[in-house]
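Just so we're clear, the structure is a prediction, and the values are computed from it rather than from any experiment. Index from 1, following the sequence. Every number for a ligand or one of its atoms is a count from 1 in the order of the listing.
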Amino acid sequence: MKVFNKSFTHQEAIPEQGIAAALEVMRSGRLHRYNTADGEQSQVDLLELEFAAYLGVPYCLACASGGYALHVAMRAAGVQPGDKVLCNAFTLAPVPGAIHNSGAEPVLVETASDYCIDAPDLEYKAETSGAKYLLLSHMRGHIADMDRIMAICERHGLCLIEDCAHTMGASWKGRKSGTFGDVACFSTQTYKHLNAGEGGLLTTRDDSLMARAIICSGSYMLYARHAAAPPSQAFDNIRYQTPNFSGRMDNLRAAVLRPQLAELDRRCARWNRLHALIAATLAASPWVLMPARAPQEAYVASSVQFSLPGFSDAQLRRVVDACAGRGVVLKWFGEPEPQGYTSRYDSWRYLGDMPRLPQTEAVLHDLLDMRIPLTFSEDDCSLIASIIVDEVQAAAART
Ligand SMILES: *Cc1c(COP(=O)(O)O)cnc(C)c1O
């Protein structure tokens with residue numbers, strides 16, 4: 001029996017240019033973003049300018065993590081304690097955590113069979129909950145029909161905060177993910193599309209939102225030093241009215257990220273080649289359901305998701321365990337207890353009593369997920385896919 005023996009958590013090395021830039025920062029001792037020599041632009045300033053240019057928006061703020069960026073984005077967008085924030089029920093734990101951190105109350109929206117937010121349920125809850133904000137997670141890189149989402153936001157006057165942790169580099173109808181909302185957040189944590197260990201990037205076109213975000217991030221009164229930012233007048237009243245929630249990015253992380261950003265589009269193409277290989281093999285199995293993807297969606301598949309409809313808990317467990325036994329690490333979102341990143345809405349009990357979401361439970365019940373690190377080759381991916389298909393077949397035979 002063939003076994004796969006590489007690690008699913010082994011990312012690529014930092015590019016040599018990033019290592020050299022990081023060494024230079026360390027030799028200078030100027031690790032803090034505002035600790036610059038005369039006339040020097042810090043690594044963080046340069047990263048912000050470069051990421052804003054990549055996305056095609058004027059403003060970018062680098063901060064301590066993606067989850068922190070979401071919290072700051074909500075505060076800067078005007079979320080007040082007690083406000084309601086619409087949000088996908090199928091998302092990762094930092095998302096409800098960020099809403100909770102802002103003092104707001106999440107209104108969880110159902111999940112459609114393509115793993116995206118369910119548009120009819122979103123419309124219904126926008127109408128009935130009184131929420132004025134939508135925190136939209138493009139969860140695991142699946143982009144909902146953005147024309148329809150934007151129409152819902154317009155009809156109900158929703159401020160849109162995009163969580164692009166899995167869509168850095170992706171687009172809808174040629175427009176980059178993160179440019180639809182009033183504000184967008186990205187993560188540069190190790191398992192996302194750029195790796196600085198930790199980190200987050202917030203982007204917007206809105207002057208006063210950006211001014212508030214910069215003050216929130218802990219700029220003290222040094223906001224005029226930001227390059228990818230509105231003019232100083234935008235801070236006139238905001239600087240007295242906005243709390244400092246220190247959470248800046250440092251020059252070391254930015255130095256490591258800049259050469260990776262220059263490589264991002266090539267990386268995304270590699271992810272998609274590996275994903276296409278795996279997806280084609282899985283889709284040929286009669287038991288596997290690959291989600292429908294709209295032709296308008298240009299995704300970045302740094303992970304793969306598929307469903308095994310009709311499989312029982314025992315069969316799903318068998319697939320996960322048998323694959324693990326052969327070195328293939330699958331995560332099961334239907335697992336009764338959260339494992340790793342698969343925590344489900346019913347694990348976020350600090351939120352209080354949440355209404356049941358039967359459609360989300362049904363979709364997550366038979367949803368499997370696998371990371372695709374770029375340290376894998378095309379041959380690795382063929383082997384992985386054949387192991388999964390074998391084990392799915394074996395589990396199907398034992399009803
Ligand atoms: C990773 C992630 C975030 C942010 O994560 P950090 O670890 O705080 O950078 C937010 N949303 C989703 C969906 C994520 O996967």
_Over-ring placement of Arg371 relative to Phe376, 6.0 Å and 45° cut-offs_ =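 No, Arg371 does not sit over the ring of Phe376.
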*According to the interplanar angle, ranging from 0 to 90°, do the rings of Tyr115 and Phe90 count as parallel (below 30°), tilted (30 to 60°) or perpendicular (above 60°)?*
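Tyr115 vs Phe90 ring planes: perpendicular.
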For [atom], what is the nearest protein heavy atom, given as residue, atom name and distance?
atom	result
atom 4 (C) of ligand 1	Gly67 N, 3.6 Å
atom 9 (O) of ligand 1	Ser187 OG, 2.7 Å
atom 11 (N) of ligand 1	Asp163 OD2, 2.7 Å
atom 15 (O) of ligand 1	His166 NE2, 2.7 Å

*May I ask you to check whether Val95 has an N/O atom sitting below 3.5 Å from an N/O atom of ligand 1?*
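By distance alone, the answer is no.
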*For ligand 1, is any non-hydrogen atom under 4.0 Å from Thr188's backbone (N, CA, C, O), its side chain (CB onward), both, or neither?*
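No part of Thr188 comes within reach of ligand 1.
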*How many angstroms lie between CZ in Arg270 and CD1 in Ile372, if you round to the nearest 0.5 Å?*
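Between Arg270 CZ and Ile372 CD1, I get 12.5 Å after rounding to 0.5 Å.
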*Option with minimal heavy-atom separation from atom 3 (C) of ligand 1, where the choices are Gln189, Glu198, Lys192*: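 When every heavy atom of Gln189, Glu198, Lys192 is considered, Lys192 comes closest to atom 3 (C) of ligand 1.
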*Heavy-atom contacts with Ala165 under 4.0 Å: which atoms of ligand 1 show up? List them by number with element.*
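Those qualifying, in numeric order: 2 (C), 3 (C), 10 (C), 11 (N), 12 (C), 14 (C), 15 (O).
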Is [X] salt-bridged to [Y], cutoff N-O under 4.0 Å?
X	Y	result
Glu297	Arg293	yes
Asp250	Arg33	no
Arg344	Glu335	no

